[in-house]
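See structure below.
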Amino acid sequence: MNNFGNKVIYQIYPKSYKDSNGDGIGDFPGIIEKLPYLANLGIDYIWLNACFVSPQNDNGYDVADYYEIDPTYGTMEDFEHLVHDAKKYHIEIMLDMVFNHTSTQHEWFQKALAGDETYKNYYIWRKGKPSGKPPTNWVSKFGGNTWEYVERYDEYYLHLYDVSQADLNWDNPDVRNEMAKIVDFWMHKGVTGFRFDVVNLISKPETLEDDFEGDGRRFYTDGPHVHEYLRGLNNASFGKIDSLTVGEMSSTSLENCVKYAGENRQELSSVFNFHHLKVDYKHKEKWSLKDFDFQELKDLFITWQEGMQDYDAWNALFWCNHDQPRVVSRFGNDRSYPKESAKMLATALHMMRGIPYIYQGEEIGMTNAYFTDISEYRDVESLNYYDILKKSGKKESEVMHILQERSRDNGRTPMQWDASANAGFSEATPWLQVIKNYKEINVEAALANLDSVFYHYQKLIALRKEYKVIQQGRFVPLAKEHPELFVYKRIF
Ligand code: GLC
Ligand code: CA
């Protein structure tokens with residue numbers, strides 16, 4: 001049986017971890033400097049957010065070259081040092097593979113635009129409707145229609161995300177081979193972990209039709225060939241080594257996840273799903289606020305814990321990432337009980353069955369940013385939705401309140417290392433502002449206090465390493481309907 005249950009993964013957003021050369025942007029030498037800190041915490045893997053060459057329209061999730069490190073983070077040698085030095089601390093590197101789409105700056109797309117049919121077929125194109133409208137009415141994840149017109153072909157290309165992120169055509173075997181080659185290239189550099197970005201969206205149906213009930217996702221999520229394509233990628237690349245993989249599954253179902261991450265399926269080691277992070281969405285809509293529904297949160301955890309273990313499939317356990325607001329501000333109380341709620345949330349999560357993830361700063365109880373002016377935001381989604389919400393008639397103050405709760409920049413602010421200028425993140429003005437509370441909430445202060453959130457996380461990791469039942473035991477829920485408690489036991 002696979003034993004991923006003893007692993008703990010720490011996620012680093014390279015832009016915001018530690019700047020070593022004073023340009024206000026985090027980099028690999030900065031991460032190398034912090035390896036002893038991470039070893040002290042006790043983690044096994046570092047997942048690095050997308051760090052390939054990119055115009056950065058979506059902070060690296062618009063990849064222009066999969067074979068090169070973006071120069072803002074350092075050189076290929078810096079990356080190789082990171083892999084090498086991390087191994088000395090028994091830490092492995094997990095890279096973020098953005099394979100659903102490329103940047104429109106990618107050579108393939110540029111060739112397609114220049115008329116090269118071979119590369120045109122790397123992407124997804126359709127004719128517009130006779131009425132002059134785009135091929136379907138689907139709504140992009142970042143707002144607006146999902147199709148962009150290209151005059152040369154009198155056709156539109158599909159972009160489920162930003163207009164500069166063109167969806168790849170995985171039905172083309174050449175595309176599938178390219179993807180396996182990329183994974184292979186990084187495996188040869190000593191990378192043993194891979195996170196696959198929105199990978200359950202890679203297989204689109206043959207006929208694309210209007211969605212009159214939603215934004216189109218029901219047609220392209222967990223698509224017709226997705227399991228086959230993942231197995232193909234596994235067999236051609238990471239399946240050949242002792243790897244740990246995780247797929248980011250957008251709006252997925254349990255039925256599909258037990259397949260993606262099921263024992264002997266030869267697809268992935270584990271999956272992220274996001275249902276538990278929508279319990280504070282009003283009418284399932286990210287940009288509409290409501291208080292979070294505790295019973296719904298519990299029910300979701302129980303359903304997924306039981307559902308996955310029945311098939312020997314593995315879930316990622318996580319509260320935070322670079323796309324989510326901070327959990328103490330969201331499901332805890334960051335004003336009156338910051339430390340207590342951070343510890344409580346950590347415990348509830350880390351004792352479940354699955355692979356726990358700690359997102360940088362979570363281990364010291366970092367909070368939401370509480371920015372008060374739109375000029376403080378950088379994220380493309382936040383900026384788009386600022387306009388969309390304003391156009392829908394909402395007042396400035398209301399829109400700012402929504403962004404304070406929902407913006408992805410809440411989780412992307414620089415890591416708070418100490419009480420010095422810019423929280424010790426950089427000597428220069430950071431690319432995204434440091435949160436005002438850094439003088440109280442920072443690594444130096446946490447390490448100096450044995451009762452801190454940091455040591456609580458350290459203990460949770462140590463417990464997982466020590467007890468097989470935490471790694472492998474069954475999850476059994478108790479007091480399912482209790483209005484205030486979330487209770488479960490782990491047993492053999
Ligand atoms: C994933 C990433 C997110 C990115 C999107 C498009 O959801 O986590 O940051 O914007 O995919 O690549
Ligand atoms: Ca830098």
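It should be emphasised that the depicted structure is a prediction, and the values quoted were computed from it without experimental measurement. Atoms within each ligand, like the ligands themselves, are counted from 1 in listed order.
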Point to revise | Gap separating the OH atom of Y73 from the CZ atom of F52, nearest 0.5 angstrom | key: 11.0 Å
Give the residue, atom name and distance (to 0.1 Å) of the protein heavy atom nearest [atom].
atom	value
atom 7 (O) of ligand 1	E248 OE2, 2.9 Å
atom 10 (O) of ligand 1	D58 OD2, 2.5 Å
atom 2 (C) of ligand 1	D197 OD1, 3.0 Å

Considering only heavy atoms of [X], which atoms of ligand 1 have at least one such atom less than 4.0 Å away?
X	value
R408	3 (C), 4 (C), 9 (O), 10 (O)
V198	1 (C), 7 (O), 11 (O)
H101	6 (C), 12 (O)
D323	1 (C), 2 (C), 3 (C), 7 (O), 8 (O), 9 (O)

Decide whether the shortest distance between a heavy atom of [X] and an atom of ligand 1 is less than 4.0 Å.
X	answer
K141	no
E381	no
R412	yes

Review point. Which atom pair, heavy atoms only, marks the closest approach of L383 to R378?
Key: CD1-O, 3.7 Å
Check your understanding: Can you name the one residue among R406, R412, K15 that meets salt bridge (charged side-chain N to carboxylate O under 4.0 Å, His left out) with D379?
Key -> R412
Practice item. Report yes or no: does D162 contribute a side-chain atom to a donor-acceptor pair with the main-chain N or O of Q165 at less than 3.5 Å? Key: no
Point to revise | Proximity of F185 and Y67 rings by center, below 6.0 Å | key: yes
Exercise for review: Verify the ring-centre separation between F301 and W319: is it less than 6.0 angstrom?
Suggested key: yes
Check your understanding: Is K120 close enough and on-axis enough to Y153, meaning under 6.0 Å and within 45°, for cation-pi?
Key -> yes
Point to revise | Quiz item: cation-pi between R353 and W314, 6.0 Å / 45° | key: yes
Check your understanding: So K286 and E381, salt bridge (charged side-chain N to carboxylate O under 4.0 Å, His left out) or not? Walk me through it.
Key -> CA-CA 11 Å; K286 173 167 178 173; E381 183 194 44; 3.0 Å; yes
Point to revise | ligand 1 versus Q324: contacting region, heavy-atom distance under 4.0 Å | key: neither
Check your understanding: At under 4.0 Å between heavy atoms, which part of F142 makes contact with ligand 1: side chain, backbone, both or neither?
Key -> side chain
Revision key, fill the gap. Result for side chain to side chain donor-acceptor pair (under 3.5 Å) between Y260 and one of N200, T252, D222 points to D222
Review point. Which of the listed options, Y161, F274, F272, holds the heavy atom that is closest to atom 5 (C) of ligand 1?
Key: Y161
**Study point:** Protein-derived N, O or S atoms lying under 3.0 Å from the Ca ion (ligand 2), waters excluded
**Key:** 5
Check your understanding: For K282, does the NZ atom have more than 12 heavy-atom neighbours from other residues, nucleotides or ligands under 6.0 Å away?
Key -> no
Check your understanding: Does a side-chain heavy-atom distance below 4.5 Å link I9 with Y359?
Key -> no
